[in-house]
Amino acid sequence: MPELPEVELYARYFAEQALRQEIARVEVRDERILGAVRKEALSRALRGNEFTRISRHGKHLFADVATQWVHFHFGMSGDLAYYTSEDEEPRFARVVFDFTNGAHLAFEDMRLFGVVDLTPSPGDFIREHRLGPDPLDPNFTLKRFREIVARRRGAIKAMLMSQEIIAGIGNLYADETLFQTGIHPRRPVNKLSHSDVKAVYSRMRRVLREVIERKARGASYPRTYLIPRREEGERCPKCGGTIRRTVVFGRTTYYCGRHQR
DNA sequence: TTCCATGTTCCGCA
DNA sequence: TTGCGGAACATGGA
């Protein structure tokens, strides 16, 4: 379930559970999950070392080990699991890091769209993959967002989901942001008013932060959100209109036919 | 059996 | 050059 908020929670989980433990071995259960790195090289780079710190950019997570960083991308179904007993290994574990203290950290990913890789540093990775700014980064100001918007055309939803423009927003949170700002997902970016742009900027960040904090407490989505009502014909929790379903930027899109214009 | 899924990439076309 | 639709990737659940 990984868009920015979920990956942020994985990052916190990783940092709390799996730092500063010597890595005994790396078990690759399915090589299709590896990016450019071969399993022998991954194992060699990690064995005898420890994860020392975690970094996140958009939907990407990085774990510092010795002179390199392990890069994780969670695809559609990736997750992390830290456990001490072998029989707790997740069914779809693809890579398992065994620690000398007997604990394990598994990267699980049923659908195999995720990636485990090595990279010299998060900065190198971000440049190489041309990722846009992380929307929760303190340097990502409204001014910067306006500059990005000014250079663009096309549907607002496509812009929000393009990782080279802004890194971390996926299908659900793009829809949620537009639902809360009352903007139709197909509205061209150049037809947004000055205040629309500000609203999108603020709502996007509020949604991301709110979801992180709520999920960190084990809570579900607020009842005012669109996310729990992603179904054709549902009632809009904001205005009582009807929830519509369509396709934008290749993804199933839900919006309120009444208040999103 | 068929459709759908929180993602990314590549190709072709306008 | 930019933007977008479609297909492909792999797999399980409704």
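In the text below, chain A, chain B and the rest are named by the order of the sequence lines, each starting its count at 1.
For A:R94, no side-chain nitrogen or oxygen approaches OP1 or OP2 of C:dA10 to under 4.0 Å. The phosphate of B:dT6 has OP1 or OP2 within less than 4.0 Å of a side-chain N or O from A:R251. Taking 4.0 angstrom as the limit, A:K59 places none of its side-chain polar atoms (N or O) nearer than this to OP1 or OP2 of B:dT6. Residue A:T252 places at least one side-chain N or O closer than 4.0 Å to OP1 or OP2 of B:dA5. Neither OP1 nor OP2 of B:dA14 sits under 4.0 Å from any side-chain N or O of A:R153. Residue A:R111 places no side-chain N or O under 4.0 Å from the OP1 or OP2 atom of B:dG7. A:H73 has no side-chain polar atom (N or O) that falls below the 4.0 Å cut-off from OP1 or OP2 of B:dG7.
Atom CG in A:D30 sits roughly 16 Å away from atom P in C:dC9 (whole-Å rounding). As a whole-Å value, the separation of A:N190 CG from C:dT2 C1' is 13 Å. In this structure, the CG atom of A:D109 is 17 Å from the P atom of C:dC9, given to the nearest Å. For A:F72 and B:dT6, the CZ to P distance is 24 Å, given to the nearest whole Å. The separation between A:M76 atom CE and B:dT9 atom P is 14 Å, rounded to whole Å. In this structure, NE2 of A:H60 is placed 13 Å from C1' of B:dT9, rounded to the nearest angstrom.
Summarising the geometry, atom CG belonging to A:D98 is positioned 12.0 Å from atom CD belonging to A:Q21; distances are rounded to the nearest 0.5 Å.
Exactly one of A:V116, A:V37, A:D117, A:L118 qualifies for a side-chain contact (heavy atoms from CB on, under 4.5 Å) with A:H71. That residue is A:D117.
Between A:F62 and A:H60, the ring planes lie parallel to each other; the angle is under 30°, not in the 30° to 60° tilted range. Between A:F97 and A:F72, the angle of the ring planes goes over 60°, which puts this pair in the perpendicular group of the 30/60° scheme. Under the 30°/60° scheme for interplanar angles, the aromatic rings of A:Y83 and A:H104 are found to lie parallel.
Nucleic acid contact for A:F74: none, since no nucleic acid atom lies under 4.0 Å from a heavy atom of the residue. Within the nucleic acid shown, A:R245 comes within 4.0 Å of sugar-phosphate atoms alone, with no base atom in reach, counting heavy atoms only. When heavy atoms are screened at a 4.0 angstrom cut-off, A:F92 is found touching the sugar-phosphate backbone but no base atom.
The closest side-chain heavy-atom distance from A:R209 to A:L136 is below 4.5 Å. Looking at A:M204 and A:P135, their side chains come closer than 4.5 Å, going by heavy atoms from C-beta outward.
Taking only side-chain atoms of A:E3, from C-beta outward, the nucleotide of B:dT6, C:dA10, B:dA5 with the closest atom is B:dT6. Distances were taken from every side-chain heavy atom of A:A155 (C-beta onward) to each of C:dT11, C:dC4, C:dG3; the shortest belongs to C:dC4. Candidate nucleotides C:dG12, B:dG7, C:dT11 were compared by shortest atom distance to the side chain of A:F113, and B:dG7 ranks first.
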Strand DNA chain C in bracket notation, Watson-Crick/G-U under 3.5 Å with | for pairs to another chain
.||||||||.||||
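Across all their heavy atoms, A:I54 and A:A63 have their closest contact at CD1-CB, 3.6 Å.
With centroids closer than 5.5 Å and planes inclined by less than 30 degrees as the test, A:Y173 and the base of B:dT6 fail to qualify as a stacked pair.
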